[in-house]
Amino acid sequence: MPAGQFQITHTDGPARRGRLQTVHGEIQTPAFMPVGTQASVKSLSPQDLVDIGAEIILGNTYHLYLRPGHELVAQLGGLHSFASWDRPILTDSGGYQVFSLSALRKLTSEGVEFTSHIDGSRHWFTPERVMDVQVSLGSDIMMVLDECVAYDTNWDDTRKSVGLTTDWAKRSLQTYPLGSGNQLVFGIVQGGFYPDLRTRSVEEIAALPFSGLAIGGLSVGEPKEIMLDILAHTAPQLPGDKPRYLMGVGTPLDLVDGVAHGVDMFDCVLPTRNARNGTLYTSQGKINIKRQEFRTDENALDPACDCYTCRTFSRAYLRHLYTARELLAYRLNTLHNLAYYLQLMRRVRENIATGTFAELHREIRGVFEEPRESR
RNA sequence: GGAGGGGUACCCAAGUGGCCAAAGGGAGCAGACUGUAAAUCUGCCGGCGUAAGCCUUCGGAGGUUCAAAUCCUCCCCCCUCCA
């Protein structure tokens, strides 16, 4: 199967199971992609990631451009060789940093000027330059530069941002046309929280020859219900034959909700960041390992999990490691949270294949659905 | 025995007449985190109360003052130096 080929093998309602080919191997979808911003999934080794079944990880163009620098990475043989990770890598464009580092940047139709959060130096990012940097990095999937707007952005500004994102998408493809190398390029749909603008963005982005399409700009602080509404509005409009990637999402329930709307790929910092901050995902729900109730708890973190952390240590020990700020805490917690996410995605794929995805969806809803706020 | 320094909340530590239930840290307890400027951030942290407020508290006892952690007297304890 040539790089870029996406094959759907099973469907269960809107949910799809499939596989996406890259030169560094195939990824099973629906997939969760652990985030490794600085060419490292914090606290884990590549071997750890292989052990828990990660098939693809993320890196970040903006961060790697600033440090250690894309030329250096290229000189050292590209990201895969540099980080000793021989499976697929998706690099995010820096579009999210346009949003999250908004205080440090200036946006024009031409591109973005960033003030480095590391040393204050100025850097000029354009859609073209971001593609060049990703080519230097040698990732398997490159994301185009986009503009991700805040939740409270008005219609007019969101409309402009959709126009900009489309213009940038076209410029990205001119820099790296489909088929010009082994790297795939994904376009990104924006449109904030306005259904008409989401539709417009889908029409414009889906018309371009991308290998996959992403939904950006969700989970930026909006209520969950609104996120789901926009997702339900947007995902079905995307072409069915290309992989659909919901960027930056989310909680275990968000993933399953996304799959239910036909999403194939996800990434999110939650499992890794929360692991470092003591929040762990289990088959019984979310727990905070620092809570006093675990002080003498000799049970496995999640008795239903077969990861190294759960096979080996008690909750009492994990609590101790966390409260003592022992380095092992970060590693064991991260290992477990990602193992939980990857295990969940394996179950999602199996259930789609057997036509029982709805049951799994119900189960996960039962475990993670938060009580609605009554007003 | 002499000289000096010091005893403040669970711990460390500021405060030296009213704005002090008492700064800051730590510990403790709880919460947040969604394409990672995050091993970070927020809240609570003497007692009762929803609150206004009341009560108890700055080594101990007594005193001065409208008012004392803060000034005075005596006592107890700790540290440093000298003998």
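Chain letters run A, B, ... following the sequence lines, proteins first and then strands; every chain starts at 1.
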| query | Which nucleotide, in any strand shown, forms a Watson-Crick or G-U wobble pair with B:rC41, with both distances under 3.5 Å? | reply | B:rG31
| request: Go ahead and name the base partner of B:rC74; Watson-Crick or wobble counts if both distances stay under 3.5 Å, otherwise write none. | output: B:rG60
| Identified pairing partner of B:rU80, criterion: Watson-Crick or G-U wobble below 3.5 Å | B:rA3
| Any side-chain heavy-atom pair of A:Asp264 and A:Arg244 under 4.5 Å | yes
| task | Using a heavy-atom cut-off of under 4.0 Å over every strand shown, decide if A:Asp267 touches base, sugar-phosphate, or nothing. | result | sugar-phosphate
| message | If you go through the side-chain atoms of A:Asn60, does one of them form a donor-acceptor pair with the base of B:rG35 closer than 3.5 Å? | response | no
| task | Ignoring backbone atoms, test whether A:Thr37 places a side-chain nitrogen or oxygen under 4.0 Å from the OP1 or OP2 oxygen of B:rU36. | result | yes
| said: Any donor-acceptor pair, under 3.5 Å, between the side chain of A:Arg273 and the base of B:rA38, if you only look at N and O atoms? | reply: yes
| message | Under 4.0 Å, heavy atoms only, any strand: does A:Arg291 hit a base, just the sugar-phosphate, or nothing? | response | sugar-phosphate
| field | Polar side-chain contact A:Ser100-B:rU36 base: donor and acceptor under 3.5 Å | value | no
| Heavy atoms under 4.0 Å, any strand shown: does A:Arg319 hit a base, just sugar-phosphate, or nothing? | sugar-phosphate
| message | Over all strands shown, is A:Leu327 touching base, sugar-phosphate only, or nothing at heavy-atom distances under 4.0 angstrom? | response | base
| message | Taking A:Arg19's backbone N and O only, do any of them form a donor-acceptor pair with A:Gln21's side chain (distance below 3.5 Å, no angle check)? | response | no
| field | B:rA37 phosphate, OP1 or OP2, under 4.0 Å from A:Arg67 side-chain N/O | value | no
| query | Looking across every strand, which nucleic acid part, if any, lies under 4.0 Å from A:Thr272 by heavy atom: base, sugar-phosphate, or nothing? | reply | base
| said: Taking any heavy-atom pair under 4.0 Å as a contact, classify A:Leu104: base, sugar-phosphate, or nothing. | reply: base
| said: Has A:Asp12 got a side-chain atom pairing as donor or acceptor with A:Thr356's backbone, closer than 3.5 angstrom? | reply: yes
| task | Kindly assign one of parallel, tilted or perpendicular to the pair A:His80 and A:His24, based on the angle between their ring planes and the thresholds 30° and 60°. | result | parallel
| field | Whole-Å P distance, B:rG60 and B:rC12 | value | 16 Å
| Ring centroid separation for A:Phe125 and A:Tyr65, is it under 6.0 angstrom? | yes
| request: Check whether any side-chain nitrogen or oxygen of A:Gln97 sits under 4.0 Å from OP1 or OP2 of B:rU36, and answer yes or no. | output: yes
| remark: Result for 5'-nearest mapping on RNA chain B, choosing between A:Cys268 and A:Tyr330, is A:Cys268
